[in-house]
Amino acid sequence: MTAPMEPLYAPQGVEERWQRAWDEEGLFRARADAPGDPYVIAVPPPNVTGALHMGHALNGTIQDVLVRWHRMRGFNTLWQPGYDHAGIATQNVVEKELAKQGKTRHDLGREAFVERVWEWLEEYGKVIIGQFRSLGASLDYERERFTKDEGYSRAVLAFLVRLHQRGWLYRDSRIVNWCPRCATAISDLEVVHEHVVDNLTSIRYPLADGSGSVTIATVRVPTILADVAVAVNPDDPRYGALVGRTAIVPIANREVPIIADPRVEIEFGTGALKITPGHDPLDFEIGREHGLPELTVIGFDGLMSDEAGALAGRSQEDADREIVRQLEEQGLLAAREPYEHAVGLCERCGTRIEPLISLQWFCDMEDLARPAIEVVEQGRVRFHPAQQGEVYLHWMRNIRPWCVSRQLWWGHRIPVWYCDCGEAIVSVDRPASCGACGASELRQDEDVLDTWFSSALWPFATLGWPDDTADLRRFYPGHVNSTAREIIFLWVARMIMSGLELVGDVPFEDVIIHSTVLAPDGRRMSKSLGTGIDPLEVIAAHGADATRYGLCKISSTQDVRFSYGAIEEGRKLANKLWNVSRLILSYAGDAAPDLRPQALEERWIVSRLASAQRELETGLAAYDFAEVARLLYHLTFDDVCDWYAEAVKPRLREGDADALATSLGVLERLLTLLHPVMPHVTEEIWSNLPGRGGRLIVADWPTLDEGSVDECAEAVLARVQELATLYRRSGALPALDDLDPDAQRILRTVLRLDRPAKDGKERGPDAAALEKERARLDKEIARAEAMLANERFVSRAPAELVQAERDKLDRFRRERDALR
RNA sequence: GGGCGUAUAGCUCAGCGGGAGAGCACCCGCCUCACACGCGGGGGGUCGCUGGUUCAAAUCCAGCUACGCCCACCA
């Protein structure tokens, strides 16, 4: 014992001390040559610029509970930590720093800017894994990896080369989501949608032969300058005669064909759609299929471009006003009304996305997706909860090409070299010369890869892939990936695809999609809303164990409100555990722990521990951490403290050898079961156990045999508990003659029947309480009798159910009689 | 527009085919030699609404309402 155990458990100091000790003793370390079956989880690499938030805390807790449980069961556990370089996010952070000095990245130039990012990371980045420590996360901190580490970077480039070899990679000018502020393309998954109110403007396009006009509707008036066609649905009876004729785009005065395309919605607007391949994804597709020109009037800065003529350099809002004014003058404005619709925003900076045509690298995904669909269909990869697997499958079955290039400076530079002769060489290392013309003047592609392109390799690039390392052979495939719902597609799907393609096996078997933690009022936790709760502050105030318990407790549903009540419950559990340990240790001191029970309360608690363990293991295996928390709470409070400890106390005082040994055994077992959820307080108490060497973190998890549950003892105790409640409620104690002597002793002990009453305040039978109890029993008896009188129930319900009802009726009648 | 989820005690949630539960809050009684951050007892609920299936529905099915999330090329 390091210090006398105070009645109030204070996690502060204790937790930090154990975090340091476990680490220094190397208990988190995983070695390829260590014994035991491997159990592997890779922590979702947080952004290098990030700080621990509640989602990380929940996810870290879930993973740590699993990892600690498996470690105790003798698995060779590897919980791999690390960081994601987070290309666009990190670049934005450093650009903001520069902006404070009035500079842009272009003032520094590419090399100096990237150098600046590294410096920034050195000073301010990479703090979050350290914050995981305060949660008690038993990560192998020595294995910290970064997606921009040298070895990891080579893996990323090797992935791209492989895709090229497979023929899935291609470069093309296509329409992409362009963020004018970040000045880069982003993937569909990095676009967030927000509802806004714009104007829906209906514009008359005169027919070239002067025979009338066709009216289109748009929310983006300025883009009419880049219109190249008007499309109608071929099945639209209103427009059948127009197809093949020519319309004139107002302002631009351009003659464009009227074409038919089934993707035009007959119901929407006027049923006629202006086609602008340069500024709309659907129009782009229609344009390519109909061989239409691709005009542009908006530039990469989001402003009207030179092609917009007189409006060049103006904002789209200005252009909108100006064009509407002119249309009105010309009598071509048919209608203009407010219209609510969804617009795409950049996930990182909130800027409105411009669909623009640009030259990018794309990867066709169908062949990558096919095996990744199969492994989920076949159950080789399972989602928890299972419905999330359907979400995954739906997306995978409709997968679209992935735009992997980004016009950023911070990231993995695309390993493609261009020669003036037109040759493009895809290679991990810079080629010495052009294979086609022999020239040595090669230019590397300026762009970098999507940050998710590198995260996709996390489960095996961290183990040394593409090299055939001992780690890779030992620790791949892994077992569990626990993550947030919003990155199923961005990350989980791509890991499964890359693992199957590059290593030939799934990266993990179970995908846990954990809850989204909402603020206590049900709103999203966010800094800007002021609804965020910092887990570090919660840990500092209530302790890591309490926080872990609380997070487990609330982790059951898809969305869950953060609750201080759940944390508080965890704190009370830690305190309760601490105090019952003080009780047992103060008596049992140097006894040798034993779990071969003699007396009834011992047989009972040993049985309870076993059945609770069984339920606990079921809960853990099903990733039902809320159930795990519930079980541990009731096991500790109700079973161990309120009943076992109360019952055994007099025997402990008397120095009964069996009681001393068993109570220590019970305590040890309880600490073992609690350790995965509450590692610090349990380790602290464990270290106070006399003559107990070693650490709880690596202690043996008990194995259960067939006879570990004593149903008889549990039944007798249940009867004792009922009688005690009846007495406490009514002051009346039924005859005990039919009770086991041990049971009578326990009842007398917990009810303190052998103690003299104070101040003559002897509590006699309470007539009202007794009457109430009688009424309750009468009701139960009537209900059971009615059921058994129901012939359909007796004949159709399962026999054991009918028997159970008979047993209940007997018991109720017995108790009713006892109350007379 | 498609998909998913949630509606049970004042609050946060469990239960998911046979006696309405937990924690917190509330009321009453206890400083009982582990813990007053504790112990014991108690009050409080047409289990969102409407139908259906069943001997039996909080629990299964259908529809409705409200809220939340994800996906989506209706301009």
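Protein chains get the first letters and strands the later ones, always in sequence-line order, with residue 1 at the start of each.
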Problem - Opposite nucleotide pairing with B/G21, Watson-Crick or G-U, both atom distances under 3.5 Å - result: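 B/G21 is paired with B/C13.
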Problem - Nucleotide forming a Watson-Crick or wobble pair with B/U46, both distances under 3.5 Å - result: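 Partner of B/U46: none.
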Practice task
Round to the nearest Å and state the distance from A/His394 atom NE2 to B/G3 atom C1'.
Solution key: 7 Å
Practice task
Report the distance from atom CZ of A/Arg729 to atom C1' of B/C39, rounded to the nearest whole Å.
Solution key: 17 Å
Practice task
Tell whether A/Glu646 reaches the base of B/A34 with its side chain through a donor-acceptor pair below 3.5 angstrom.
Solution key: yes
Practice task
May I ask you to verify whether the side chain of A/Arg485 and the base of B/C69 hold a donor-acceptor pair under 3.5 Å?
Solution key: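 Per atom types, no contact qualifies.
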Please state the [atom1] separation for the pair [N] and [M] - nearest whole angstrom.
| N | M | atom1 | result |
| --- | --- | --- | --- |
| B/A9 | B/G52 | P | 26 Å |
| B/U8 | B/G3 | C1' | 26 Å |
| B/C67 | B/U53 | C1' | 29 Å |
| B/A7 | B/G17 | P | 16 Å |

Problem - Charged N-O contact under 4.0 Å between A/Glu568 and A/Arg571 - result: yes
Handout entry: Carboxylate-amine/guanidinium proximity below 4.0 Å for A/Lys553 and A/Glu569
Key =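 Looking at A/Glu569 together with A/Lys553, the answer is yes, because their closest N to O distance falls below 4.0 Å.
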Exercise for the section: Return each pair, listed once, that meets salt bridge (charged side-chain N to carboxylate O under 4.0 Å, His left out) where at least one residue sits in residues 576-585 of chain A; pairs must be two or more places apart or across chains. Expected result: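 Found none.
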Exercise for the section: Can you figure out which of B/U12, B/A75, B/A34 approaches the side chain of A/Thr218 most closely? Expected result: B/A75
Does a side-chain N or O of [X] approach OP1 or OP2 of [N] to a distance below 4.0 Å, or not?
| X | N | answer |
| --- | --- | --- |
| A/Tyr587 | B/C33 | no |
| A/Tyr564 | B/U12 | no |
| A/Lys649 | B/C39 | no |

Problem - A/Tyr339 and A/His341: CA distance, side-chain angles, deciding distance, ring-ring contact (aromatic ring centres under 6.0 Å, His included) verdict - result: CA-CA 6 Å; A/Tyr339 176 64; A/His341 68 139; 5.5 Å; yes
Fill in the blank from the handout: Nucleotide by nucleotide, nucleotides 21-26 of chain B touches protein heavy atoms under 4.0 Å in the pattern (B base, S sugar-phosphate only, - none) -SSS--
Handout entry: Verdict with reasoning, A/Lys808 to A/Glu780, per salt bridge (Lys or Arg N to Asp or Glu O under 4.0 Å)
Key = CA-CA 9 Å; A/Lys808 274 189 223 164; A/Glu780 297 292 359; over 6 Å; no
Exercise for the section: Could you pick out which residue, A/Thr516 or A/Leu583, lies toward the 5' side of RNA chain B when each is mapped onto its nearest nucleotide? Expected result: A/Leu583
Problem - Residue met sooner reading RNA chain B from 5', once A/Leu518 and A/Thr725 are mapped to nucleotides - result: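 Between the two, 5'-proximity favours A/Thr725.
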